[in-house]
2 protein chains.
Amino acid sequence: MRGDLFSPECPTRKLLDRIGTKWMSMAVKVLAEEAGELRFSELRRRMPGVSQKMLSVTLQGMVKDGLVGRRVEPVVPPRVFYRLTPLGLSLDEPLAALREWAEEHMVEIDHANQRYTQDAPGV
Amino acid sequence: MRGDLFSPECPTRKLLDRIGTKWMSMAVKVLAEEAGELRFSELRRRMPGVSQKMLSVTLQGMVKDGLVGRRVEPVVPPRVFYRLTPLGLSLDEPLAALREWAEEHMVEIDHANQRYTQDAPGV
DNA sequence: CAGGATCCCACGCGATACTG
DNA sequence: CAGTATCGCGTGGGATCCTG
């Protein structure tokens with residue numbers, strides 16, 4: 001019956017809005033590979049290119065969504081650890097399928113783009 | 001070995017940039033359900049909320065990516081038909097997995113958000 | 001060390017109007 | 001009917017600086 005997907009409060013739409021952000025799905029992948037806790041700084045090193053602000057914002061969103069758990073060791077300087085919740089871990093499954101598809105087929109998309117571009121001489 | 005995912009030219013990154021756009025994954029779903037051709041106007045009716053401009057832009061991108069085929073009947077007024085290519089159809093598989101996850105689990109994310117919000121009294 | 005506060009820009013997207 | 005052209009806005013996200 002899934003005809004009502006993508007209606008106003010469509011769950012798929014909301015999920016896509018999340019995984020479409022630049023860093024969230026990468027964070028899921030890195031945390032899923034770790035299968036345990038990672039410190040903020042370690043997480044950052046494993047996500048090349050992420051700024052400290054965006055990693056912070058991304059993780060806050062994921063904690064709020066219940067995808068990630070956050071644990072603070074009250075020492076100075078602070079040590080903060082993140083790990084996937086069971087919910088977050090379950091999300092890695094469909095995301096892994098997406099990654100596999102990308103690895104197998106994105107080259108075809110690249111080729112299609114090249115063909116398209118060279119077949120359409122400068123407007 | 002997949003450690004180089006999300007590097008500069010990461011295929012997963014490029015795929016997410018595409019399916020993260022507002023209408024593309026919906027178009028894949030609608031075209032996959034049809035299992036055949038759909039006219040522009042029919043496609044639009046099956047994608048509630050899409051503007052004619054955004055549908056046009058979305059379809060152009062998908063044609064360029066080789067996900068969708070376009071056929072024009074040279075009559076007046078013009079009749080234009082779209083269908084998924086095999087590549088586009090194959091993309092529907094991981095997207096369907098994502099939709100299933102969303103249907104099953106987005107409610108948990110909603111609950112997590114509600115708890116988070118009410119546990120964090122106005123800053 | 002972890003992250004908050006600011007500033008700013010690019011761009012995805014919608015609304016509207018026009019055309020072959 | 002199926003687009004194309006133009007305008008404007010909201011916001012994702014980067015750079016930089018500051019702090020408990």
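Reminder, nothing fancy here: chain letters follow the sequence lines and each chain counts from 1.
- Side chain of A/Thr12 to main chain of B/Ala102: no donor-acceptor pair is present (N/O by atom type, distance under 3.5 Å, no hydrogens or angles).
- Rounded to an integer number of Å, the gap from B/Met24 CE to C/dG12 P is 14 Å.
- Per the geometry, CZ belonging to A/Arg70 stands 16 Å off P belonging to C/dC1, to the nearest Å.
- Dashed line: the shortest gap from a side-chain N or O of B/Arg39 to OP1 or OP2 of D/dA2 is under 4.0 Å.
- Using a 4.0 Å cut-off on heavy atoms, the residues of residues 53-63 of chain B that approach DNA chain D are B/Lys53, B/Ser56, B/Gln60, listed by number.
- The pair A/Glu103-A/Arg99 fails the salt-bridge criterion, with no side-chain N (NZ, NE, NH1 or NH2) lying under 4.0 Å from an Asp/Glu carboxylate O.
- Using a 4.0 Å cut-off between charged nitrogen and carboxylate oxygen, A/Glu9 and A/Lys14 count as a salt-bridge pair.
- Looking only at side-chain heavy atoms (C-beta outward), B/Asp65 and A/Asn113 come within less than 4.5 Å of each other.
- In this structure, B/Ser51 and B/Pro78 both approach DNA chain C, and ranking their closest nucleotides by distance from the 5' end singles out B/Ser51.
- Each of B/Pro77 and A/Gly20 was assigned the nucleotide of DNA chain D with the nearest heavy atom; the assignment lying further toward the 5' end belongs to B/Pro77.
- Distances shown here put every side-chain N or O of B/Arg79 at or beyond 4.0 Å from the OP1 or OP2 atom of D/dG3.
- One can place CG of A/Leu16 at 15 Å from P of D/dG12, the figure rounded to the nearest angstrom.
- What separates CE of A/Met26 from C1' of D/dG12 is a distance of 15 Å, to the nearest Å.
- Straight-line distance from the CZ atom of B/Arg18 to the P atom of C/dG12: 12 Å, rounded to whole Å.
- For B/Arg13 (side chain) and A/Lys22 (main-chain N/O), a donor-acceptor pair under 3.5 Å exists by modelled atom type.
- Within 4.0 Å of A/Phe81, counting heavy atoms only, lies no atom of the nucleic acid at all.
- Distance, B/Trp23 CH2 to C/dC11 C1': 18 Å, rounded to whole Å.
- Within the nucleic acid shown, B/Arg44 has no heavy atom closer than 4.0 Å to any nucleic acid atom.
- One can place CG of B/Asp17 at 15 Å from P of D/dG12, the figure rounded to the nearest angstrom.
- Between A/Lys29 and A/Leu95 there is no side-chain heavy-atom pair separated by less than 4.5 Å.
- Considering only the side chain of B/Thr21, C/dC13 comes nearest among C/dC13, C/dC1, C/dA17.
- In this structure, the side chains of B/Leu43 and B/Glu34 stay at 4.5 Å or more apart for every pair of heavy atoms.
- Taking atom CD of A/Glu73 as the reference point, atom P of D/dG20 lies 22 Å away to the nearest angstrom.
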